[in-house]
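Bear in mind that the values here come from a model prediction, so they are computed numbers and not experimental data. As the structure lists them, so they are numbered: ligands from 1, and atoms in each ligand from 1.
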Amino acid sequence: MNPIIELAKQYNLCVIEDAAQAHGAEYKGKKAGNLGDAAAFSFYPGKNLGAYGEGGAVTTNSETIANFVNRYRDHGSSEKYIHEVEGYNMRMEGFQGAILNLKLKFLDKWTDLRIRNARIYDSLLQDIDDIIIPRRIPDTKHVYHLYVIRVKNRESLQNFLFDRGIATGFHYKYPLHLQKAYTHLGYKNGDFPITEKVMQEIISLPMYPELSEEQITYVVENLKEFLSVS
Ligand SMILES: Cc1ncc(COP(=O)(O)O)c(C=O)c1O
C-alpha cells in the first residue's frame, strides 16, 4: 500500500481500499480499512466476517467522505424529507447488524484458525515444483479469506478434486479489463499480460476456520496425485 499511497499523493488522487476480504488484516502495523482515504468491507455471508445476508461497510477518517457515504446510502438524504442529491437505498438491515455484532467477537479467533490452516497448506505444498503458494510479505498480517495457489491445468485440477469431494473456486475467472462491463475502456486481450497469465493459473483451495489438518492433508494428497498423473 505504501507505494500506492505515495503515487496517489504525487498525482493528488484518493486511495479507496477494497477491504472486502481483509477483515483484521494488517499492513505495517495498521489495520486494513485504515490505510487509504476510505475503504469498503463486504459482509457477504462467505466473508471472514459474514452476515446472514448481504451487508457491507465503508470506513474512513474523513468527515466529508462519511457524510457523502451516509447521504448516498439513504436516497441522498441527510435530513428527513430533504434530498440533496440522487442516492440509493443501501441501508443495511438492523438484523444483519445484530448478527455481525455477535460474530465480531469471534473474528480474531477465526482469523487465527485461518492463519493456522494456511501454515499447514504452506508446509505441505512448499516443496512441490508445479505449485506456487501465496507469498507472505514481511510486516503484514494476511487473514486468508482464500488460499489461492497457482498451477497449470487448473480446470482439470478442479474437476479432479471435485470428483474426490473437494470443492475449489476461481477468484476470479476473468480479469476486469476483459469483462463486458468495461469494454468502453477499450482494453483488449494482451494489454495486461501478467494479469492474464496469472488469471489462468489461480485456483482457491478449501479455506475456512473449521477446516481440520486431516482435511487439508486429504486435499494435498489429491493435489499431488493430480500432478503426478497429469
Ligand atoms: C475483493 C472483493 N472486492 C469486492 C467484493 C464485492 O463485495 P460485495 O458484493 O459484498 O459488495 C468482493 C466480493 O466477493 C471481493 O471479493
Side-chain angles (χ1 to χ4, degrees), residues 1 3-5 8 13-27 30-60 65-66 68-75 87-104 107 110-111 114-115 117-118 121 133-137 140-150 154 158 167-182 185 187 192 194-196 198-209 211:
M1 286 301 287
I4 290 175
I5 290 163
L13 300 169
C14 271
V15 174
I16 301 174
E17 289 172 69
D18 181 347
Q21 308 182 348
H23 318 72
E26 289 175 21
Y27 175 79
K30 275 184 149 190
K31 291 258 190 222
N34 188 28
L35 300 168
D37 296 283
F41 284 89
S42 168
F43 301 135
Y44 181 78
K47 292 293 196 285
N48 293 28
L49 179 62
Y52 274 22
E54 299 291 342
V58 171
T59 55
T60 180
I65 296 176
F68 176 90
V69 170
N70 274 328
R71 259 207 316 257
Y72 269 85
R73 70 185 263 281
D74 194 12
H75 295 299
Y88 306 93
N89 177 359
M90 299 255 176
R91 299 183 304 257
M92 196 170 71
E93 294 167 28
F95 172 74
Q96 302 303 346
I99 296 289
L100 289 165
N101 210 21
L102 279 174
K103 290 181 73 177
L104 183 59
L107 180 61
W110 289 335
T111 300
R114 284 178 184 273
I115 293 171
N117 291 342
Y121 271 128
I133 61 172
R135 188 163 58 98
R136 263 182 267 142
I137 301 166
T140 59
K141 180 175 177 182
H142 197 312
V143 294
Y144 295 99
H145 172 59
L146 303 169
Y147 188 89
V148 183
I149 59 165
R150 285 173 60 188
R154 69 167 183 175
Q158 182 166 65
T168 56
F170 299 143
H171 297 91
Y172 291 92
K173 199 161 179 179
Y174 306 108
L176 277 184
H177 67 286
L178 300 180
Q179 289 286 353
K180 193 173 173 204
Y182 292 112
L185 296 176
Y187 292 113
F192 296 97
I194 297 172
T195 298
E196 288 157 18
V198 170
M199 206 88 204
Q200 285 166 23
E201 297 174 358
I202 50 177
I203 180 164
S204 309
L205 300 180
M207 169 53 81
Y208 48 92
L211 198 64

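- For the atom pair F41 CZ and T59 OG1, the distance stands at 5.0 Å (nearest 0.5 Å).
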Test side chain to side chain contact (heavy atoms under 4.5 Å, CB included) on R154 and K173; report intermediate values, then the result. CA-CA 11 Å; R154 69 167 183 175; K173 199 161 179 179; 3.8 Å; yes
Check: residues 45-58 side-chain donor-acceptor pairs under 3.5 Å, at least two apart:
from, atom 1, to, atom 2, distance (Å)
N48, OD1, H145, ND1, 2.8
N48, ND2, V143, O, 3.1

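- Atom CG of residue N34 and atom OG1 of residue T60 lie 9.5 Å apart, to the nearest 0.5 angstrom.
- Ring geometry, Y72 versus Y88: the interplanar angle falls from 30° to 60°, so the pair is classed tilted.
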Can you pull every nitrogen or oxygen pair between ligand 1 and the protein closer than 3.5 angstrom?
from, atom 1, to, atom 2, distance (Å)
ligand 1, 3 (N), D18, OD1, 3.0
ligand 1, 3 (N), D18, OD2, 2.6
ligand 1, 10 (O), S42, OG, 2.6
ligand 1, 14 (O), K47, NZ, 2.6
ligand 1, 14 (O), Y172, OH, 3.1
ligand 1, 16 (O), Q21, NE2, 2.7
ligand 1, 16 (O), Y172, OH, 2.7

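- Sparse packing is recorded around CD1 of I16, with 12 or fewer heavy atoms of other residues, nucleotides or ligands lying under 6.0 Å away.
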